[in-house]
Amino acid sequence: EDAAILARFQERIDAEERIEPNDFMPAAYRKTLIRQISQHAHSEIVGMLPEGNWITRAPSLRRKAALLAKVQDECGHGLYLYAAAETLGVSREELIDQLLSGKAKYSSIFNYPTLSWADIGAIGWLVDGAAIMNQIPLCRCSYGPYARAMIRVCKEESFHQRQGYEIMLALVRGSEAQREMAQDALNRWWWPCLMMFGPPDADSRHSEASTRWKIKRFSNDELRQKFVDATVPQARYLGLTIPDPDLRFNEETGHWDYGAIDWEEFRQVIAGNGPCNADRMAARRKAHEDGAWVREAACAHAAKSRVRAAA
Ligand code: FAQ
């Protein structure tokens, strides 16, 4: 790639111009976007599983309708994001193969189990809360199709976050057993949610380039801090305790200081050794195999239609 062309590309980025599918882009920019957008898509699709687990056990018709809608939204986000990745010249089949072969990552958070109904509240409140914190800046990402996809996705995520918080609110206002269930869910989801933002800045190998290209507008640690600052008052309002004895407000910085994250746990989950990695992958592989006849039928139909149109 010619130095002058690369410099011109960076000038466009610096001028906040959007990069569109047919524009010149460096190979490494394309590669990192395919990586990030497809990981994001896989996360949405695998992310349907933990909550899908509770659809048949939702405590009321109203809760069930909201949960069904949320899980369907996640599917929509996944398909939307696969379409955005396809604009970069990769096929959906390749992307799905990468997920099913274990080559592509998906968010660590979806490898934890949903043990009680309160987990559905905690996921909406915390997991969607963390997702929004990360995704709002992506609405200004330099790559047009990804940035535009994020606008709608963020609107839906904010509904998800509210429905989750409202579940938590109902539980803490309920019986003692319900309040304990809510606290237990917070205890289990808190630390994995902080890991969603990725490794500490010093270990984040893609951050330098992604920041220069304005794919990332804030660093992993900056977004993690914003999430902690936003969530502490919400936990207080619920009357729940964040499971971190080192959590305290720092008068000097104006931020909440938090305790050490167990990065070894994060590494293990990403390496495939989290509590539900094997289950999640088995569920996705089975869904893919069970859907083979639909793909074959669609291809056969398309082939027949082509023959008919030509005749
Ligand atoms: N899990 O150099 P960095 C949702 C990997 S929200 C697994 O810092 P980068 C909504 C990373 O890929 C969740 N892997 O990387 C929902 C890289 O590995 P690689 C999805 C992780 O890209 C809610 C390596 O570590 N959201 O689905 C994680 O600059 C409720 C080094 O890391 C997105 O994907 C992790 N937590 O920054 C659905 C948002 N963190 O690829 C259902 C878009 C890092 O070299 C229910 N993505 N890694 O093999 C991003 O913003 C970025 O990709 C980051 C990571 C911030 C996640």
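The first residue in the sequence is number 1, and the count goes up from there. Start at 1 and go down the list; that is how both ligands and their atoms are numbered.
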Geometric N/O contact Gln39 with ligand 1, under 3.5 angstrom | yes
Are Trp263 and Tyr258 connected in the hydrophobic side-chain network, where two residues link if heavy atoms are under 4.5 Å apart?
-> yes
Hey, is atom 42 (C) of ligand 1 under 4.0 Å from any protein heavy atom?
-> yes
Between Glu156, Glu157, Glu74, which one has a non-hydrogen atom sitting closest to atom 10 (C) of ligand 1?
-> Glu157
Judged by heavy atoms only, the candidate from His77, Gln36, Met48 nearest atom 53 (O) of ligand 1 is Gln36
Residues Arg63, Glu166: salt bridge by 4.0 Å N-O rule | yes
Looking only at N/O atoms, are Asp128 and ligand 1 under 3.5 Å apart anywhere?
-> no
Ligand 1 and Ser210, any nitrogen or oxygen pair closer than 3.5 angstrom?
-> no
Side-chain heavy atoms under 4.5 angstrom apart, residues restricted to Ile, Leu, Val, Met, Phe, Trp, Tyr: same cluster for Ile132 and Trp125?
-> no
Nearest heavy atom to atom 22 (O) of ligand 1, choosing from Met196, Arg35, His206, belongs to Arg35
Criterion ring-ring contact (aromatic ring centres under 6.0 Å, His included) against Tyr82, the qualifying member of His77, His40, His42 | His42
Can you find an N/O atom of Lys216 closer than 3.5 Å to an N/O atom of ligand 1?
-> yes
Please indicate whether any nitrogen or oxygen in Lys70 is less than 3.5 Å from any nitrogen or oxygen in ligand 1.
-> no
Nearest heavy-atom pair of Lys214 and Ile13: which atoms, and what distance?
-> CE-O, 3.3 Å
Ser207-ligand 1 polar pair, N/O distance under 3.5 Å | no
Looking at ligand 1, does any of its N/O atoms fall within less than 3.5 Å of an N/O of Gln135?
-> no
